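Structure, as structure tokens:
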Amino acid sequence: MARANDEAAAALTEYADLFALTGGDAFRVRSYQKAAKAIAGFPEDIAHADVRRVPGVGEAIAKKVEEFLSRGSFRQLDDLRARVPDGVLRLTRVPTLGPKTAMFLYQELGIDSPAALAAAISAGRLAGVKGFGPKTEANLLKGIEQMEQSARRVHIGVAMALAERIMGSLPVERIAYAGSLRRMRDTIGDVDLLTVAPPSVMEEFRRQPYVAEVIAAGDKKTSVRTTGGVQVDLRRVPAESWGAALQYFTGSKEHNVRIREIAVKKGWKLSEYGLFEGERVIAAESEEDIYHALGMQWVPPPLREGGGEVSAALKGELPELVTLEDLQGDLHTHTTLTDGIASLEDMVAAASARGYAYYAVTDHAPDLVMQRMTLEKALAQRARLSRLQLDYPNMRLLHGTELNIGPDGSVDWPLDVLDGFDVRVASVHSHFTQSREEMTRRFIAACENPGVQIIGHPTTRKIGKRGPVDADWEAVFRVAARTGTAMEIDSYPDRSDLPDDLVRLARHHGVKFSIDSDSHAIPHLAHQRFGVGIAQRAGLTTHDVINTWPLDRLLEFLKR
DNA sequence: GCCGTTTTCGGCCCGACTGTTTTCAGTCG
């Protein structure tokens with residue numbers, strides 16, 4: 001993972017936001033945003049490649065990025081940071097609150113953070129202020145509350161990239177992540193790392209450029225807050241206790257309580273140093289040995305949530321969970337034809353390098369007006385794809401589309417046009433606030449449409465930004481099962497959608513799933529691993545996941 | 001600030017929704 005890309009992209013995005021706040025030209029704002037997106041999605045590490053080769057990066061942005069790479073910031077960014085308090089930037093993270101409003105609140109009322117805004121609304125200071133009626137105030141308060149709830153936690157994409165960066169930065173014999181990250185939870189509070197290394201690793205860790213603040217510094221455990229605001233705990237463990245430490249620090253707490261009870265019943269003791277009978281070590285070096293010694297199957301980390309997995313493992317009845325290697329392809333991806341940033345040819349080449357048996361290109365359909373799709377463009381893409389197929393004898397290219405489920409449940413194209421696509425994903429992209437009844441009717445109508453095969457990112461949540469839509473999911477899943485409509489597990493980490501509780505519910509009703517990346521750039525193809533984590537936590541097997549199936553069986557299913 | 005079989009200037013994704021307004025600004029996807 002090219003981390004320099006992500007950091008440079010983050011700096012440019014921050015600059016774009018600050019530039020917008022200070023009244024900068026909107027087209028330039030867009031240029032910075034576009035360049036940031038392109039840099040984040042650029043397959044090569046820009047620390048070692050010329051950033052001018054990234055589309056959307058010209059001389060001016062290249063200079064900024066180069067300065068950023070050499071010293072962690074650039075002059076124009078420093079200037080704007082000095083002019084706009086950090087809290088004002090955070091104001092724009094409140095849903096429905098954009099740059100204009102944020103700057104107005106700051107300059108006219110001295111409101112310089114979401115917390116200050118909440119206090120001002122509660123104190124009635126916004127009453128009578130032009131543009132702030134009762135509904136706006138209520139919406140803002142709700143948005144701030146949502147933000148505060150999700151603050152301090154990051155989605156798995158951020159946590160995983162950070163963990164992998166840290167692991168790569170320390171020259172140690174052994175290092176691994178534990179905690180909720182290893183359990184592949186969709187949000188992570190702090191990152192737990194275990195290492196086998198000499199004590200000097202702690203000082204080396206504290207000196208790394210991503211460390212903003214040292215919270216605790218010992219020779220067994222060091223805690224820091226990173227520049228991104230995430231807390232990271234690094235623990236040194238003895239090599240002979242590696243498995244016990246991994247087990248202990250992976251959790252969950254509920255899971256570990258159950259495991260320790262079993263040990264105690266046998267007259268043993270389980271700690272982060274091992275499984276002991278008195279002084280005698282029964283197992284400690286490997287996690288598998290510990291579980292086996294306790295008379296149970298090794299439990300895959302995503303299942304370790306205290307939800308019946310321990311009794312299942314004792315009976316030897318854990319499901320054979322779907323794995324990343326089981327996936328034969330990806331059924332939801334984009335290209336530059338709509339909002340992707342890599343060409344059809346490049347995306348297909350990257351998919352082939354991942355060894356897929358099949359790969360679907362599903363650019364947006366016309367109803368999402370901003371994407372400027374037309375039937376002519378879609379058909380031209382189909383022709384391009386079939387020519388491209390000749391170069392990939394081992395991978396079947398599927399021409400698909402991501403339809404837009406309108407407020408009434410209808411989709412972009414009539415049935416005869418839909419029939420021409422191999423893969424039809426349909427997703428909600430607007431009207432998120434419909435009532436439960438309307439939303440339920442909307443999804444049911446989409447499931448009953450014979451032209452729809454897969455419901456994309458069903459709840460449409462964006463972690464830390466937007467909650468899930470409200471629907472009677474049980475009713476939707478019943479119809480999906482009856483009509484053979486698959487639910488997507490969208491692996492894009494800020495979506496992680498469906499969430500695992502709804503996956504369990506859907507599976508209970510007999511629904512099948514498609515674990516897709518929803519890629520808009522080449523590196524996104526690797527996000528499928530996050531979707532597999534959700535599927536594992538929900539107990540899915542290859543039986544449940546249509547894109548683990550061989551092509552023939554998949555196509556048969558998609559015929560409905 | 002980027003880009004160019006509309007090419008070195010003048011465009012740049014565009015329409016809809018929301019809450020407020022009494023004709024529209026701001027935000028979003």
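By convention in this document, chain letters (A, B, ...) are assigned in the order of the sequence lines, proteins followed by strands, and residues within each chain are numbered from 1. Since this is a predicted model, take the numbers as computed values, not measurements.
- Counting any heavy atom pair closer than 4.0 Å across all strands shown, A/Ser430 reaches no nucleic acid atom.
- B/dT6 and B/dC12: their P atoms are spaced 15 Å apart (whole Å).
- At a threshold of 4.0 angstrom between heavy atoms, the contacts of A/Pro134 are confined to the sugar-phosphate backbone, with no base atom among them.
- The base-pairing partner of B/dT8, taking Watson-Crick or G-U wobble contacts with both distances under 3.5 Å, does not exist among the strands shown.
- A straight line from CG of A/Asp25 to P of B/dG11 spans 14 Å, rounded to a whole angstrom.
- Candidate nucleotides B/dG1, B/dG15, B/dT20 were compared by shortest atom distance to the side chain of A/Tyr32, and B/dG1 ranks first.
- Ion pairing between A/Arg507 and A/Asp500 fails under the 4.0 Å rule for side-chain N and carboxylate O.
- The distance from atom CD of A/Gln371 to atom C1' of B/dC28 is 13 Å, rounded to the nearest whole Å.
- In this structure, A/Ser514 contributes its side chain and A/Asp516 its backbone to no donor-acceptor pair below 3.5 Å.
- In this structure, A/Lys63 atom NZ and B/dG1 atom P are separated by 11 Å, rounded to whole Å.
- Pairs engaging residues 104-119 of chain A under the side chain to side chain donor-acceptor pair (under 3.5 Å) rule: none recorded [sequence neighbours left out].
- Taking a cutoff of 4.0 Å between a charged side-chain nitrogen and a carboxylate oxygen, A/Glu7 and A/Arg165 qualify as a salt bridge.
- Using a cutoff of 4.0 Å between basic side-chain nitrogens and carboxylate oxygens, A/Arg482 and A/Glu448 are scored as salt-bridged.
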Identify every side-chain donor-acceptor pair in residues 61-73 of chain A under 3.5 Å, counting partners at least two apart or on other chains, and give the distances.
{"unit_1": "A/Lys63", "atom_1": "NZ", "unit_2": "A/Glu59", "atom_2": "OE2", "d": "3.2"}
{"unit_1": "A/Glu66", "atom_1": "OE2", "unit_2": "A/Arg52", "atom_2": "NH1", "d": "2.7"}
{"unit_1": "A/Glu67", "atom_1": "OE2", "unit_2": "A/Arg71", "atom_2": "NE", "d": "2.9"}
{"unit_1": "A/Glu67", "atom_1": "OE2", "unit_2": "A/Arg71", "atom_2": "NH2", "d": "3.0"}
{"unit_1": "A/Glu67", "atom_1": "OE2", "unit_2": "A/Arg75", "atom_2": "N", "d": "3.2"}
{"unit_1": "A/Ser70", "atom_1": "OG", "unit_2": "A/Glu67", "atom_2": "O", "d": "3.1"}
{"unit_1": "A/Arg71", "atom_1": "NH2", "unit_2": "A/Asp78", "atom_2": "OD2", "d": "2.7"}
{"unit_1": "A/Ser73", "atom_1": "OG", "unit_2": "A/Asp78", "atom_2": "OD1", "d": "2.6"}

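- Taking a cutoff of 4.0 Å between a charged side-chain nitrogen and a carboxylate oxygen, A/Arg461 and A/Asp497 do not qualify as a salt bridge.
- Applying a 4.0 Å cut-off to non-hydrogen atoms, none of the residues of residues 66-86 of chain A approaches DNA chain B.
- The side chain of A/Lys100 approaches B/dG26 more closely than any other nucleotide in the set B/dC2, B/dC17, B/dG26.
- For A/Gln328, there are no side-chain hydrogen bond (donor to acceptor under 3.5 Å, both in side chains) partners, not counting sequence neighbours.
- Atom name C1', nucleotides B/dT27 and B/dT20: the rounded distance is 13 Å, in whole Å.
- Using a 4.0 Å heavy-atom cutoff across all strands shown, A/Arg52 reaches no nucleic acid atom at all.
- Between A/Tyr392 and A/Tyr359, the ring centre distance reaches or exceeds 6.0 Å.
- Across B/dC2, B/dC17, B/dC13, the shortest atom-to-atom separation from the side chain of A/Met370 is found for B/dC13.
- As a whole-Å value, the separation of A/Arg30 CZ from B/dG29 P is 15 Å.
- The shortest distance between the side-chain N/O atoms of A/Asn139 and the OP1/OP2 oxygens of B/dG19 is below 4.0 Å.
- Nearest to the side-chain atoms of A/His431 among the listed nucleotides B/dG1, B/dC17, B/dG29 stands B/dC17.
- Between the C1' atoms of B/dC3 and B/dC13, the separation comes to 15 Å (whole Å).
- Ranking B/dG1, B/dT27, B/dT20 by closeness to the A/Ala60 side chain, first place goes to B/dG1.
- Legend: ring pair (Phe, Tyr, Trp, His ring centres under 6.0 Å) pairs involving residues 416-456 of chain A, not counting sequence neighbours, sorted by first then second residue: A/His364-A/His429, A/His399-A/Phe421, A/Trp413-A/Phe421, A/His429-A/His457, A/Phe443-A/Trp473.
- Using a 4.0 Å heavy-atom criterion, one finds that A/Asp339 contacts no nucleic acid atom at all.
- The separation between A/Arg93 atom CZ and B/dT27 atom P is 13 Å, rounded to whole Å.
- Using a 4.0 Å heavy-atom criterion, one finds that A/Leu368 contacts no nucleic acid atom at all.
- Here the separation of B/dC17 from B/dG10, taken at their P atoms, is 35 Å to the nearest Å.
- Atom name P, nucleotides B/dA16 and B/dC9: the rounded distance is 36 Å, in whole Å.
- When the P atom is compared between B/dT22 and B/dG29, the two are found 28 Å apart, to the nearest whole Å.
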(message) Before you tell me yes or no, could you show the steps for A/Tyr492 and A/Phe530 under ring-ring contact (aromatic ring centres under 6.0 Å, His included), namely the whole-Å CA-CA distance, both residues' side-chain angles and the distance that decides it to 0.1 Å?
(response) CA-CA 8 Å; A/Tyr492 209 92; A/Phe530 302 131; 9.4 Å; no

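- When distances are taken from the side chain of A/Arg466 to each of B/dG1, B/dG26, B/dG29, the shortest belongs to B/dG29.
- Between A/Val369 and A/Ile61, the one whose closest nucleotide on DNA chain B sits nearer the 5' end is A/Ile61.
- Remark: A/Asp408 does not engage A/Arg442 in a salt bridge, criterion side-chain N to carboxylate O under 4.0 Å.
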At a cut-off of 3.5 Å, list every protein nitrogen or oxygen paired with a nitrogen or oxygen from nucleotides 21-23 of chain B, distance to 0.1 Å.
none

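- Within 4.0 Å (heavy atoms only), A/Lys64 reaches sugar-phosphate atoms of the nucleic acid but no base atom.
- Along DNA chain B, the nucleotide nearest A/Lys34 and the nucleotide nearest A/Pro95 are compared for position; the residue whose nucleotide lies closer to the 5' end is A/Lys34.
- Closest to the side chain of A/Thr136, from the set B/dC12, B/dT20, B/dC2, is B/dT20.
- Atom pair A/Met103:CE and B/dA25:C1' shows a separation of 18 Å (rounding to whole Å applied).
- In this structure, of B/dG26, B/dC2, B/dC13, it is B/dG26 that holds the atom nearest to the side chain of A/Thr101.
- Nearest to the side chain of A/Thr433, among B/dT18, B/dG29, B/dT27, sits B/dT18.
- The nearest whole Å value for the distance from the CD1 atom in A/Ile39 to the P atom in B/dC2 is 10 Å.
- Comparing B/dG19, B/dG1, B/dG15 by their nearest atom to the side chain of A/Arg28 picks out B/dG1.
- When the P atom of B/dC13 is taken as reference, atom NE2 of A/His364 falls 16 Å away, rounded to whole Å.
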